[in-house]
Amino acid sequence: MVFKKLLGSLGVGGPTVDTVLDPGAVRPGGSLTGQVHLKGGSADFDIEQITLELVARVEAEDDGGEAEGVAGFGRFTVAGGFRLAAGEQRSVPFTVALPWETPITQLYGQALGIVLGVRTELAVAGANDKGDLDPLTVAPLPVQEAVLEALGRLGFAFKSADLEYGHIRGTGQQLPFYQEIELAPAPQYTHAMLELEVTFLANPGGMEVVLEADKPGGFFSSGHDAVNRHVVSHDGADQRDWNSVVDAWIRQIVASNGHHSAPAPYEHADTHGGHYSHGHHRSGPGMGTAVAAGAAGLAVGVAGGFVAAEVVDEVGDFFEGDDEGDQG
């Protein structure tokens, strides 16, 4: 889907921009490729620069409650310094590297309810206009898929996913937000937790996997969160017994008393356990997706097509609404 606009700052007769991403999902840390198609207006225009911005719909908490907004997480200048003649058509190919912490938007080809986009901005003779917006689809890295697959085999079921504005203390987080994937507990752990939240923080050498269990209260105690952090390498992901590794993680967090302490220094090599606390945390609402967990792992199912349709609409409607706010 492409959301194409006239450059409002130039009025009728200005050039138009239409960015088309190459088909297929990309992965965190991978290359995003495509072309920016320009069409000249009724006169010649000097194109100062063409910029791509990665944007995400995020949730945040403040004193007034919860709010949704748009956060940018990468800007790339892909061209500029040329004159676009009246009526001229020109295509500009580009290749940019996605941040390693880019959230995943799908699992096994099904949408998770995460809204990402690529916004194209055209600077023309001192005027800057957000002229085009395209949805961005991101598939998981092998380690992410393996961890989620193992959780599915253990009996955990997908509930929802969202992006939280804020920073997880004690981690190497780089982006201004983080992704939470919320899972219903496996039957054997329903007595020990109400929900499990998974956050992946990747970098070129490895990945931090942060697990948070929402533990129920008892007769003489209140509920609390138990949080563990583990570090794994990208290397050898296909040779690791992830079922055993993740099962050990879950057993550790079930046994945890929920006390937080500083995590071990980040290492790329093997798996390490630690604890952390959220600088900003909230359990988000369901996004209309459901997961059937079984021998095949976490297989995402869309309830009545609700999520897929909603996500497609929101990519344009949500971000375009943000544009209107910027202009106002």
Next item on the list: Taking Glu208 for its side chain and Arg229 for its backbone only, find out whether a donor-acceptor pair lies under 3.5 Å.
Entry: no
Checklist line | Under 3.5 Å donor-acceptor, His167 side chain and Gln173 backbone | finding: yes
Note to self: If you compare all heavy atoms of Ile104 against all heavy atoms of Pro28, which two are closest, and at what distance to 0.1 Å?
What the structure shows: CG2-CG, 4.3 Å
Checklist line | Exercise: identify the closest heavy-atom pair between Gly205 and Ser233 | finding: O-OG, 3.7 Å
Item checked: Closest non-hydrogen atom pair, Ala60 against Tyr165 -> CB-CB, 3.8 Å
Check: Minimum heavy-atom separation for Ile253 to Ala213, with atom names?
Finding: CD1-N, 3.6 Å
Margin query: Using side-chain heavy atoms (C-beta onward) and a distance below 4.5 Å, is Leu32 in contact with Leu54?
Written below: yes
Note to self: Could you report the tightest heavy-atom contact between Trp100 and Pro204, atom names first, then the distance?
What the structure shows: NE1-CG, 3.4 Å
Item checked: Short N-O contact, Arg83 and Glu88, less than 4.0 angstrom -> no
Checklist line | Pairwise distance CD(Glu182) to NZ(Lys159) - rounded to 0.5 angstrom | finding: 6.5 Å
Next item on the list: Using the test salt bridge (Lys or Arg N to Asp or Glu O under 4.0 Å), find all partners of Asp247 that sit at least two apart in sequence or belong to another chain.
Entry: Arg251
Notebook entry, point to check: Is a donor on one side and an acceptor on the other found under 3.5 Å between the side chain of Thr199 and the backbone of Gln179?
Noted result: yes
Next item on the list: State whether a side-chain donor-acceptor pair under 3.5 Å links Asp22 with Thr33.
Entry: yes
Check: If two hydrophobic side chains count as joined below 4.5 Å and joins carry through other members, does Val124 share a cluster with Val92?
Finding: yes
Item checked: Nearest atoms (heavy-atom pairs only) where Gly72 meets Glu53 -> CA-OE2, 3.8 Å
